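Order of listing sets the numbers, starting from 1, for every ligand and every atom in it. Since the model is a prediction, treat every value here as computed from it, not as a measurement. The basis for the numbers below is simple: all heavy atoms, side chains too, and nothing from hydrogens, waters or symmetry mates.
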Amino acid sequence: MSKVYLVGAGPGDAELITVKGKRLLEECDAVIYDRLASSELLKYTRAECVKIYVGKEAGHHSKTQEQIHEIMRKAAQRYQKIVRLKGGDPFVFGRGGEEALFLQEQGIPFEAVPGVTSAVAVPEAAGIPVTHRGICQSFHVITGHTGDGGLTENYGLLAQLGGTLVFLMGRSRLGEICGQLMHYGMDQNTAAAVISEGTTPRQQTVRGTLKDIEEKARKAGIKSPALIVVGSVCALPIRSGGKRLGVTATAHTAAKLRTLLEEKGFTVVETCNMEVIETREAENVLKKAVQPDVRWIMFTSPNGVRVFFRKLKEGGAALERLSEKKFAVIGAGSREELRKYGIEAHFMPGQYTSKALGTEFVRSVRNPGKILIPRAAAGSVELTSVLAAAGCDYEDLPIYDVKGKLAVGSEEMERIQCHVFVSASGVNAFFDEVERKLSDYRFGGEIACIGEATKEALAKRGYRADLVSEVHDAEGLAGSLEKYYAEGEKEQKA
Ligand code: SAH
């Protein structure tokens with residue numbers, strides 16, 4: 001005997017399906033799904049499971065409810081265990097009740113499996129509790145449009161309820177809904193919020209009041225699926241979870257960023273690990289460094305400092321052999337690393353970029369003598385071209401390469417809300433790896449980077465950085481991220 005399970009898929013985040021729902025997906029012979037149910041959930045099904053899509057396709061209309069009923073009926077004839085997967089909870093505005101009645105009339109055994117409804121979960125994910133002691137005693141879930149496309153008539157009543165109002169399917173009628181509520185006497189300053197693609201990495205929230213929320217949502221470009229929340233609970237200062245940041249960096253930098261960012265309430269996921277690999281040239285570090293004509297040694301990254309001193313040590317050289325040399329560093333990170341070897345940098349530019357290192361160095365150091373630059377193989381020409389133009393004698397010594405290795409799968413990647421890059425090589429490694437290994441992943445989320453070189457590497461690959469740190473080190477980047485997201489919230493609330 002076959003059986004149809006009307007399964008709630010949850011609000012968007014694939015982890016918000018119930019344990020029972022997931023088990024049924026794993027076991028079923030056929031699954032009938034539509035647009036709202038996360039397609040990510042289909043990975044739980046067996047390879048033999050027949051997947052039937054009944055949602056909207058680009059350029060086509062969705063199937064009618066009658067067609068869906070017919071598809072279910074046919075599936076029940078052919079397969080044993082059928083999952084009819086429905087977004088959120090099957091019995092909340094999903095026409096799940098109609099499907100249940102149809103199956104019952106047809107004598108097809110069925111069972112409804114509850115799901116987490118977007119009506120409660122989406123506001124929650126945006127930090128809005130639908131009830132709150134002392135603020136409201138009830139919440140009401142309302143459709144933004146009725147079957148015939150008109151607004152529900154009882155706005156007079158809704159405006160008097162005093163509870164939180166949650167409108168589903170109301171994005172296109174947001175202005176009308178707010179207008180009606182104000183018309184029936186609700187204060188125009190009543191707090192309101194619109195949340196789209198809630199609980200997914202693409203979640204977007206706009207906060208405002210009945211008076212201005214429509215304009216704000218329009219300016220923010222909020223699209224469907226979205227829900228509207230009206231009530232004072234929208235003004236509570238709850239910021240749930242914190243942003244989920246994906247970091248591409250070496251283990252060393254990632255650990256540093258993690259500490260800095262977690263302190264600020266972010267969740268940090270290392271998405272791509274950068275490994276530092278010594279080049280053959282690295283074997284020449286000792287020989288090159290002790291050359292008498294080399295008067296300056298210039299570092300452009302903490303990695304360079306680490307590899308350089310590791311090679312010196314391996315070569316059995318005492319640090320005293322460098323006592324005559326002077327050291328230039330690109331920024332605070334390299335300066336700190338150098339201090340670990342008991343050396344205080346003699347030069348550091350005001351701005352932490354390759355270009356600034358070059359220009360400020362040639363401006364302030366007269367007759368520098370020969371400059372040795374132990375750095376990454378893919379080091380920027382910005383530095384060397386400035387040195388060359390100033391007639392400096394320098395030697396570029398590529399002592400390491402960086403290679404990226406993806407540390408997470410598509411599923412985890414999907415959940416990243418902001419990708420953080422600290423080097424141009426990291427940008428390239430990340431996208432190379434993603435293209436090679438995550439064919440089912442569609443890049444999404446915001447992008448933050450440490451400085452101009454990273455920003456340009458992103459641009460070259462067709463991505464725009466949403467945030468470029470003004471101070472180009474881990475602390476600066478962490479501070480910028482904190483400020484960026486704090487301001488975003490304020491702006492939306494104001
Ligand atoms: N049965 C579903 C609701 C189906 S009606 C449930 O219980 O959640 C579809 C409407 O739900 C959409 O128009 C939108 O208003 C809302 N919705 C569903 N998922 C959403 C999400 N992730 N973010 C915002 N709104 C969502």
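Between F443 and H419, a ring centre-to-centre spacing shorter than 6.0 Å is recorded. The aromatic ring centres of Y33 and Y53 sit less than 6.0 Å apart.
Here is the list of ligand 1 atoms found below 4.0 Å of a heavy atom in I195: 24 (C). Atom numbering of ligand 1 starts at 1 in the shown order; those under 4.0 Å from a heavy atom of E197 are 22 (N), 23 (N), 24 (C). Taking a cut-off of under 4.0 Å to the non-hydrogen atoms of V122, the atoms of ligand 1 that pass are 21 (C), 22 (N), 23 (N), 24 (C). Listed by number with element, the atoms of ligand 1 under 4.0 angstrom from any heavy atom of L168 are 3 (C), 11 (O), 15 (O), 16 (C).
Judged by distance alone, the side chain of H183 and the main-chain N or O of Y155 form no donor-acceptor pair under 3.5 Å.
Counting only heavy atoms of the protein, atom 3 (C) of ligand 1 lies nearest to V92 O, 3.4 Å. Looking only at heavy atoms of the protein, atom 22 (N) of ligand 1 is closest to P11 O, 2.8 Å. From the protein, the heavy atom lying nearest to atom 17 (N) of ligand 1 is S118 OG, 3.4 Å. Residue, atom and distance of the protein heavy atom nearest to atom 10 (C) of ligand 1 are M169 CG, 3.6 Å. Atom 9 (C) of ligand 1 has L36 CD1, 3.3 Å as its closest protein atom, hydrogens excluded (heavy atom only). Nearest protein heavy-atom neighbour of atom 23 (N) of ligand 1: G198 N, 2.9 Å. Of all protein heavy atoms, the one lying nearest to atom 7 (O) of ligand 1 is T117 OG1, 2.7 Å. The protein heavy atom nearest to atom 4 (C) of ligand 1 is F93 O, 3.5 Å.
R78 CZ: 12 or fewer foreign heavy atoms inside a 6.0 Å radius. With a 6.0 Å radius and a threshold of 12 heavy atoms from other residues, nucleotides or ligands, K437 has its NZ atom above the threshold. Enclosure of atom CZ in R442 is not indicated, since only 12 or fewer non-hydrogen atoms of other residues, nucleotides or ligands lie within 6.0 angstrom. The environment of K403 atom NZ is sparse: at most 12 non-hydrogen atoms of other residues, nucleotides or ligands sit within 6.0 angstrom. Taking a 6.0 Å sphere around CZ of R133, one finds it holds 12 or fewer heavy atoms contributed by other residues, nucleotides or ligands.
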Test K3 against E111 for salt bridge (Lys or Arg N to Asp or Glu O under 4.0 Å), laying out the working first.
-> CA-CA 8 Å; K3 186 168 171 182; E111 184 180 331; 2.9 Å; yes

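Residue T200 does not touch ligand 1, judged by heavy-atom distances below 4.0 Å. Residue contacts with ligand 1, taken as heavy atom pairs separated by less than 4.0 Å, involve A226 solely via the backbone atoms N, CA, C and O.
Backbone and side-chain nitrogen or oxygen atoms of V116 are examined, and none is located within less than 3.5 angstrom of a nitrogen or oxygen of ligand 1. Residue T199 has no nitrogen or oxygen atom sitting less than 3.5 Å from a nitrogen or oxygen atom of ligand 1, judged on distance alone. The shortest N or O to N or O distance between G94 and ligand 1 is not under 3.5 Å. Considering both main-chain and side-chain atoms, D89 comes within under 3.5 Å of ligand 1 through a nitrogen or oxygen pair. Geometrically, ligand 1 and G170 share no nitrogen or oxygen pair separated by less than 3.5 Å.
Partner of M274 under the side chain to side chain contact (heavy atoms under 4.5 Å, CB included) criterion, out of T250, V247, T253: T250 alone.
The existence of a salt bridge linking R244 and E412 is confirmed by a sub-4.0 Å separation between a basic side-chain nitrogen and an acidic carboxylate oxygen. For D34 and R84, the salt-bridge test passes: some basic side-chain N is under 4.0 Å from an acidic carboxylate O.
Residue G87 places a heavy atom under 4.0 Å from ligand 1. Contact between G12 and ligand 1 is absent, with no heavy atom of the residue lying under 4.0 Å from the ligand. Under a 4.0 Å heavy-atom criterion, K86 is not in contact with ligand 1.
Within the structure, the side chain to side chain donor-acceptor pair (under 3.5 Å) test picks out the following pairs touching residues 467-476 (sequence neighbours left out): S469-S480.
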